[in-house]
There are 2 protein chains.
Amino acid sequence: MGEIALTGVMAALGDPIRVGLVRVLADGRERGWGELQAPVAKSTLSHHLRVLRDAGLTRTRQEGTRCFVILRRQELQARFPGLLQAVLAAAEDEDVGHQVSVKDAAQPA
Amino acid sequence: MGEIALTGVMAALGDPIRVGLVRVLADGRERGWGELQAPVAKSTLSHHLRVLRDAGLTRTRQEGTRCFVILRRQELQARFPGLLQAVLAAAEDEDVGHQVSVKDAAQPA
DNA sequence: TAGCTTGTTCGATGTTTCACGAACATCGAA
DNA sequence: TTCGATGTTCGTGAAACATCGAACAAGCTA
């Protein structure tokens, strides 16, 4: 299940919203669906989150009626050394996915 | 014109054939269209080559009726440090784009 | 000039992706 | 049990994508 295919990952990262999602999750913290703020309908957000999960970029945990996502940093790093950093750096630089953010929730500053 | 956008690059690399093309070009050598061997019609190959060019991954040079492609390694490295290596390494590992190759042509060995 | 080679462009087609709203399933709370 | 919150799934439509074959344009070559 640790299947993470290159083209799948690349394709998943080919969409600004998903890159934004990855950026938001880049701090390694687990986030609840509800915290994720993106300019799309919830069904669409669900879709993007599913694409990320299917591509192996994230992992999902369900707790009661709520879901949580987390970036699979370690696995990613193991399989594609340096890729995540490169993507994140470039995304910062171009401000790709800036439209995605986290709702203030236990934001420690 | 040096515009190389992250999502464009990622999307371009989301197709096995194009990854194969990049692998073949990875040695930094310039190649003629005709040398490129891929299991698609020539119009399709033309299309993929255009996508790569538009994404900023390659550069094309025309000489008479013949065309040559070359990977923009340096620019890529400058804009996305480490990304190309990561992708190439993963592609080798998974053997993505193995269906693409170079016809023996002035192959010095 | 005629013909061959090389690559591009042009539909046509089928698949996939992105997006939305609506309906549905679940869980916890009142 | 009834309600509200949270996600998922479904049906749909528009746009993008991958492919192909055919037609076309441009250079060499005979």
Side-chain angles (χ1 to χ4, degrees), chain A residues 5-22 24-25 30-70 96-97 99-100 102-106, chain B residues 5-22 24-25 30-70 96-100 102-103 105-106:
Chain A
L6 178 64
T7 53
V9 170
M10 300 311 265
L13 258 18
D15 182 289
I17 295 227
R18 289 195 291 262
V19 170
L21 254 6
V22 170
V24 162
L25 294 169
E30 186 177 57
R31 298 288 185 181
W33 253 223
E35 288 182 77
L36 273 14
Q37 196 103 67
V40 293
K42 65 175 181 172
S43 56
T44 302
L45 181 61
S46 187
H47 160 68
H48 284 305
L49 256 358
R50 166 205 282 280
V51 172
L52 285 176
R53 187 185 343 123
D54 289 354
L57 282 159
T58 60
R59 188 190 303 295
T60 288
R61 184 171 65 84
Q62 194 147 10
E63 188 180 298
T65 157
R66 211 164 317 177
C67 282
F68 296 89
V69 230
I70 189 170
V96 178
Q99 50 218 294
V100 179
V102 251
K103 244 182 270 192
D104 58 339
Chain B
L6 178 64
T7 53
V9 170
M10 300 310 266
L13 259 16
D15 182 290
I17 296 229
R18 289 194 291 261
V19 171
L21 254 6
V22 170
V24 162
L25 294 170
E30 186 176 58
R31 298 290 184 180
W33 254 224
E35 289 181 76
L36 273 14
Q37 196 103 65
V40 293
K42 64 175 181 172
S43 55
T44 303
L45 180 61
S46 186
H47 162 66
H48 284 306
L49 256 0
R50 166 205 283 282
V51 171
L52 286 176
R53 188 185 342 128
D54 288 355
L57 283 159
T58 61
R59 188 191 302 296
T60 288
R61 183 172 64 86
Q62 193 148 7
E63 188 180 299
T65 157
R66 212 164 315 177
C67 282
F68 296 89
V69 230
I70 189 169
V96 178
H98 60 88
Q99 50 218 290
V100 180
V102 248
K103 241 182 271 192

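Numbers restart at 1 for each chain; the letters A, B, ... are given by sequence-line order, proteins then strands.
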State whether B:S46 places a side-chain N or O below 4.0 Å from either non-bridging phosphate oxygen (OP1 or OP2) of C:dT8.
yes
Please report the C-alpha distance between B:T58 and B:L49 in whole Å, then the side-chain angles of each, then the deciding distance to 0.1 Å, and finally whether the side-chain contact (heavy atoms from CB on, under 4.5 Å) criterion is met.
CA-CA 8 Å; B:T58 61; B:L49 256 0; 5.8 Å; no
Report the distance from atom CG of A:L45 to atom P of C:dC20, rounded to the nearest whole Å.
10 Å
Looking only at non-hydrogen atoms, find the nearest pair between A:V100 and A:I17 and report the distance.
CG2-O, 3.7 Å
In whole Å, I'd like the distance from the NE2 atom of A:H47 to the P atom of C:dC20.
11 Å
Under 4.0 Å between a side-chain N or O of B:W33 and OP1 or OP2 of C:dT8?
yes
How many whole angstroms separate atom CG of A:L13 from atom P of C:dT17?
15 Å
Are B:R18 and D:dA18 close enough that a side-chain N or O sits under 4.0 Å from OP1 or OP2?
yes
Between B:R53 and B:T60, do the side chains contain an N or O donor and an N or O acceptor separated by less than 3.5 Å?
yes
Euclidean distance, atom CD of residue A:E63 to atom P of C:dT26 [Å, nearest integer]
18 Å
Could you let me know what C:dA30 is paired to, Watson-Crick or G-U wobble, both distances under 3.5 Å, or none if it's on its own?
D:dT1
Whole angstrom is fine here: how far is it from CG in A:D15 over to P in C:dC18?
5 Å
Can you measure B:F68 atom CZ to C:dT8 atom P for me and round it to whole angstrom units?
13 Å
Select base, sugar-phosphate, or nothing to describe what B:G34 touches, counting heavy atoms under 4.0 Å on all strands.
sugar-phosphate
Just compare D:dT8, D:dT19, C:dT8 and give me whichever is closest to any side-chain atom of B:I17.
D:dT19
Nucleotide paired to D:dT8 in any strand shown, Watson-Crick or G-U, under 3.5 Å
C:dA23
What do the steps show when you test B:R31 against B:L25 for side-chain contact (heavy atoms from CB on, under 4.5 Å), and what is the final call?
CA-CA 7 Å; B:R31 298 290 184 180; B:L25 294 170; 3.6 Å; yes
Is A:R50 near enough to D:dT9 that one of its side-chain N or O atoms lies under 4.0 angstrom from OP1 or OP2?
yes
Would you say B:S43 places a side-chain N or O within less than 4.0 Å of OP1 or OP2 belonging to D:dC20?
no
A:K42 NZ to C:dC24 P, straight-line distance once rounded to whole Å:
14 Å
Residue-phosphate contact under 4.0 Å: B:T65 side-chain N/O, C:dT5 OP1/OP2:
no
So if I take every side-chain heavy atom of B:A41 and compare against C:dC20, D:dG21, C:dC18, which nucleotide ends up nearest?
D:dG21
Roughly how many Å is it from CG in B:L52 to P in C:dT8, rounded to a whole number?
13 Å
Between A:G64 and A:V40, whichever has its closest DNA chain C nucleotide further toward 5' is A:V40
From the options D:dG7, C:dG7, D:dA18, select the nucleotide whose nearest atom is closest to the side chain of B:H48.
D:dA18
What's the shortest heavy-atom distance between B:W33 and B:F68, and which atoms?
CZ3-C, 3.9 Å
Can you tell me how far the CZ atom of B:R66 sits from the CD atom of B:E35, to the nearest 0.5 Å?
9.5 Å
